[in-house]
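As the structure is a prediction and not an experimental result, all values here were calculated from the model. Below, all heavy atoms of this structure are taken into account, side chains as well, without hydrogens, waters or symmetry copies.
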Amino acid sequence: MLGEAPLSHGDVPKLEFTTQVIQEGLRLYPPVWMIDRMAVADDRAGDIDIPRGSTVIVYVYGAHRAPRYWESPESFDPERFTKTNDKLRTPFTYLPFGGGPRGCIGGNYAMLQSS
């Protein structure tokens, strides 16, 4: 129950702390630890050349625990995912369902089911 009314799927956005706990759990233990993609054109990432046809692997587990982006990255801290902190996070440092146009189509559904 949320107040006097029975709980429904429309109440999920009100369960902010529950969502934060789930997100922090997914940060520490992502459902997919690595994501691979094939470069469709020559590219460059930092000082690394990426030739067309190369397989590029995103190490999600490592990104989620990088001290450069996360304070005390090995600690469980749901407060990392408050609405205020969401706005401060560097893009593509939290990827439990991938990101960009190839992100998991079921990510929102998985969050709904987890809540």
Side-chain angles (χ1 to χ4, degrees):
M1 298 280 276
L2 198 62
E4 296 298 317
L7 193 61
S8 75
H9 71 278
D11 294 316
V12 171
K14 298 174 191 171
L15 304 173
E16 292 180 23
F17 188 69
T18 300
T19 301
Q20 289 170 221
V21 168
I22 293 166
Q23 289 175 309
E24 179 67 346
L26 290 170
R27 183 189 70 81
L28 288 170
Y29 302 101
V32 177
W33 288 28
M34 295 184 287
I35 301 168
D36 63 289
R37 296 288 182 261
M38 182 179 290
V40 295
D42 290 342
D43 206 345
R44 188 167 181 80
D47 58 354
I48 299 170
D49 289 320
I50 303 170
R52 179 177 182 256
S54 297
T55 299
V56 178
I57 297 176
V58 177
Y59 184 41
V60 175
Y61 185 87
H64 285 188
R65 292 175 184 251
R68 177 177 181 181
Y69 301 112
W70 305 95
E71 186 176 322
S72 302
E74 300 295 325
S75 299
F76 182 81
D77 181 9
E79 295 298 317
R80 298 177 207 273
F81 292 96
T82 62
K83 289 181 181 180
T84 300
N85 287 337
D86 276 348
K87 294 175 185 172
L88 302 174
R89 188 172 32 260
T90 302
F92 298 103
T93 56
Y94 178 68
L95 303 160
F97 304 111
R102 298 266 184 210
C104 178
I105 193 170
N108 289 332
Y109 183 67
M111 287 299 296
L112 176 65
Q113 291 296 309
S114 299
S115 299

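In terms of heavy-atom proximity, G98 sits nearest to I35 at CA-CD1, 3.6 Å. Closest heavy-atom contact between L95 and V58: CD1-CG1, 4.0 Å. Across all their heavy atoms, A39 and P51 have their closest contact at CB-O, 3.8 Å. Counting all heavy atoms, side chain and backbone alike, G100 lies closest to F92 at N-CE2, 3.6 Å. Of all the heavy atoms in E71 and R80, the pair that sits closest is O-NH1, 2.6 Å. Across P31 and P96, no two heavy atoms sit closer than the pair CG-O, 3.3 Å.
Counting heavy atoms of neighbouring residues, nucleotides and ligands inside a 6.0 Å radius, atom CZ of R44 exceeds 12 of them. Other residues, nucleotides and ligands contribute over 12 non-hydrogen atoms within 6.0 Å of the CZ atom of F76. At most 12 heavy atoms of other shown residues, nucleotides or ligands fall within 6.0 angstrom of atom CG in N108. Heavy atoms from other residues, nucleotides or ligands lying under 6.0 Å from CD1 of I105 number 12 at most.
The hydrophobic cluster containing L7 does not contain I22, counting ILVMFWY residues as joined when their side-chain heavy atoms lie under 4.5 angstrom apart, directly or transitively. Linking ILVMFWY residues whenever their side-chain heavy atoms come closer than 4.5 Å, directly or via other members, places V60 and V32 in the same cluster.
For the atom pair L26 CG and S114 OG, the distance stands at 6.5 Å (nearest 0.5 Å). For the atom pair OG1 of T19 and NZ of K83, the computed distance is 9.5 Å after rounding to the nearest 0.5 Å. Here S54 contributes atom OG and D36 contributes atom CG; the two are 12.5 Å apart, rounded to the nearest 0.5 Å. Rounding to the nearest 0.5 Å gives a distance of 6.0 Å between CD of Q23 and CG of D86.
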Point to revise | Trace of the side-chain contact (heavy atoms from CB on, under 4.5 Å) decision for E16 with F81 | key: CA-CA 9 Å; E16 292 180 23; F81 292 96; over 6 Å; no
Review point. When you look at D42 and R52, which way does the salt bridge (charged side-chain N to carboxylate O under 4.0 Å, His left out) test go after all the steps?
Key: CA-CA 4 Å; D42 290 342; R52 179 177 182 256; over 6 Å; no
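Contacts of F97 classified as ring-ring contact (aromatic ring centres under 6.0 Å, His included), with partners at least two apart in sequence or in another chain: none. With sequence neighbours excluded, no residue satisfies salt bridge (charged side-chain N to carboxylate O under 4.0 Å, His left out) with K87. Legend: residues meeting ring-ring contact (aromatic ring centres under 6.0 Å, His included) with Y61, ordered by chain and number and at least two apart, are W33.
Side-chain contact check for L28 versus H64: every heavy-atom pair is 4.5 Å or farther apart. Between V56 and I50 there is a side-chain heavy-atom pair separated by less than 4.5 Å. The shortest side-chain heavy-atom distance between E24 and E79 does not fall under the 4.5 Å cut-off.
Remark: R89 is positioned above the aromatic ring of Y94, its terminal NZ or CZ atom under 6.0 angstrom from the ring centre and at most 45 degrees off the axis. A cation-pi geometry, defined here as NZ or CZ lying under 6.0 Å from the six-membered ring centre and within 45° of its normal, does not hold between R65 and W70.
With hydrogens and angles ignored, the 3.5 Å screen pairs a side-chain donor or acceptor of D11 with a backbone N or O of S8. Within the 3.5 Å criterion, the main-chain N or O of S75 finds no donor-acceptor partner in the side chain of S72.
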